[in-house]
Amino acid sequence: MKKLILLLLPVGMMLSCQQAKDQNPLLAEWDTPFGTPPFHLIQDEHYVPAYEEAIKQHAAEIEAIVNNPNEPTFENTIVAYDKSGELMGKVGAVFFGLNSAHASDNMQVIARELTPKITAHRNAIRFNQRLFERIKAVYDMRETLNLDVEQMRVVEKIYNDFARNGAALPEEQREQLKNLNERMSMVSLQLNQNLLAENNGFKLILEDEADLAGLPDDVIAGAAEAAASQGHEGKWLFDLSKPSWIPFLQFSERRDLREKIFTAYNMRGNNDNEYDNKALFVELMMLRKQMSQILGYDNYAEYFISEQMAETPENVYNFLNTVWDPALKRAKEERADMQKIINREGGNFKLQSWDWWYYAEKVRADKYNLNEDEIKPYLTLDNVREGIFYVTNKLYGLTYKKRDDIPVYHPEVEAFEVIDNDGTHLAVLFIDPHPRSTKKSGAWCGTYRNGSYKDGEKITPVVTIVLNFSRPVGDKPALLSWDEAETYFHEFGHALHNFFADGHYNRTSRSVPRDYVELPSQIMENWAGEPEVLKVYAKHYQTGEPMPDELIEKMQQSSKFNQGFATVEYVAAALLDMDWHTSEVAEDTDVNKFEKSALDKMGLINEINPRYRTTNFGHIFGGGYAAGYYVYLWAGQLDADAFEAFKETGDLFNPELAAKFRKHCLADNAMGEGMKQYIKFRGKAPSIEPLLRQRGLK
Ligand SMILES: [Zn+2]
């Protein structure tokens, strides 16, 4: 009898478990085309049970490695560890993908509930000493194992991950690190949630038509629609999303309103209200410093940069300062040009930071006789996408098929099948173009499934590009600014990296240093503005006429326009980030004072703000770009130099070079560190000269 009960119990448990799995789409096989997430079936209440199951499975996989009675080998330890956590990846990609692109209020609550559980689970693995001992055993004998280059790298990377987490430290310090990690992830989450609240919290509602002076018609129409959609019929609404505040600053003749919106943007997280980020940010800096010191580094910058191409904070400071001096010099010339216009117009005031965008437009019209409004009609959302499809077809032979049978999470999202040059399926791509209150600001590329290998078979990736470009207004299609068009090309470059990555191990396949990550994206921006490419995609939305030569010529000439400003506001933020992560910070550190003294030290002029202020510097709230905001410009050096390679051959689509770039720089990152792969493509290390020339700083 007893036996029977014992037998029955597990069967009963399996049944109820099976039922839960059937009901929870996150735990089921996905029978959608190419196994993309069944967004139409996934509900908020599925996340927590799915995560619980995923954590359980992952923990069991790790236990199986640790309890393996056989001696540690490459296969039974490194490969098994590398392949573990598949369900975690599957559930996490959907949850965190949507939590950025389309978050319900409920998801934020769930995120707060899940984050400590996930962190605790990850820490249980990161600090699993028995697991580390097995990994170390393989690492110690790696030279004798006959491993190929890719296998050797995955052993070293995984070993190093554990060492950098303190696995080689005494238990007491490991415990300390564990607590620090848990607290850091909660603080990061809170900083980001505050920022989202501050982004959504500001609204400039205008009631008087006179307040719209100077604004282009499409901006006014967009503001009217925004107002109507929020119950302010007959008024105009501006907010802190890029398509709203940037044109306002560029064109509004109302200095007082420009000041208002610009100040609101800069002060996000710094308003001494419930969403204030100052104390949280200071806490984060202290936590990071403590963590770095336990691990044997002076500060967080040293810890982070030791794994990058740049290697040391000194190299980063040197690099940034090399660009800073010519950029600041150029910015001061730009300032003088603007003050001249103010004086000529009889404006009796000194240029301020909220005036810069407005007078920059005037300089652009003055010097280059070009304004954004001339360009925009040629840059419909669809045109630009077609331009990207054209460039990636010419370079890599890719083609795209729109697929209406692939489920999407919002009606505005489009799904494409990406087909390789030999006709095989390469990837699925989602494009999510427009802003929503459920979406974070900015633009990014992510994955719902990474490309990988399973049992020797290729698993193709599911990639997403999320943007915040203005919607179509009335019967006008969505028209992009030049900046937005470049952003689109940029994010597509990240998507290409995801399409092509072809390593056999998760740890090394798509994993490149942060100061390499933006090479694949930024190089794509170069093609966007080439005359022969513009001729193909930039067609007037009404007449279908390609962009006239004269306009292309003007764009070429003006490409160095305002580059002093653009470089200075960026480098100022990058230096501010470095200063925070190399300095002593204590509980009573005054964020505003610290920031002011950092900016004064670099000699930043009052008329320019750093691109991000401390309390809204989203890039450095999470771990990814902390002490790493410099990486965009570092990669700028790489991309300018790499594009120069194409130009040198006289063929922008040089097939031999494109194949080399795809292979060494996009597909085979598992085979070597960033610089090594770059040199395989270029034949030499990158030079800074093309970057300075490109920006007109030399
Ligand atoms: Zn990027």
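Along the sequence shown, residues are numbered consecutively beginning with 1. Ligands are counted one by one from 1 in listed order, and the atoms in each one are counted from 1 as well.
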All N/O donor-acceptor pairs, side-chain side in residues 617-633, below 3.5 Å, sequence neighbours left out:
unit_1	atom_1	unit_2	atom_2	d
His619	NE2	Tyr632	OH	3.3
Tyr625	OH	Arg514	NH1	3.3
Tyr625	OH	Glu518	OE2	2.9
Tyr630	OH	Asp515	OD2	2.9

- Ring centroid separation for Tyr390 and Tyr400, is it under 6.0 angstrom? no

- Applying ring-ring contact (aromatic ring centres under 6.0 Å, His included), name anything that partners Tyr505, two or more places apart in sequence or on another chain. Phe74

- Query: Taking the six-membered ring of Phe202, is the NZ or CZ of Arg268 close enough (under 6.0 Å from the centre) and on axis enough (within 45°)?
  - Reply: no

- Message: Return all protein N, O or S atoms below 2.8 Å from the Zn ion (ligand 1), chain by chain in residue order.
- Response: His490 NE2, His494 NE2, Glu518 OE1

- Kindly say whether Asn669 contributes a backbone atom to a donor-acceptor pair with the side chain of Arg153 at under 3.5 angstrom? yes

- By salt bridge (Lys or Arg N to Asp or Glu O under 4.0 Å), which residues pair with Lys458, not counting sequence neighbours? Asp502

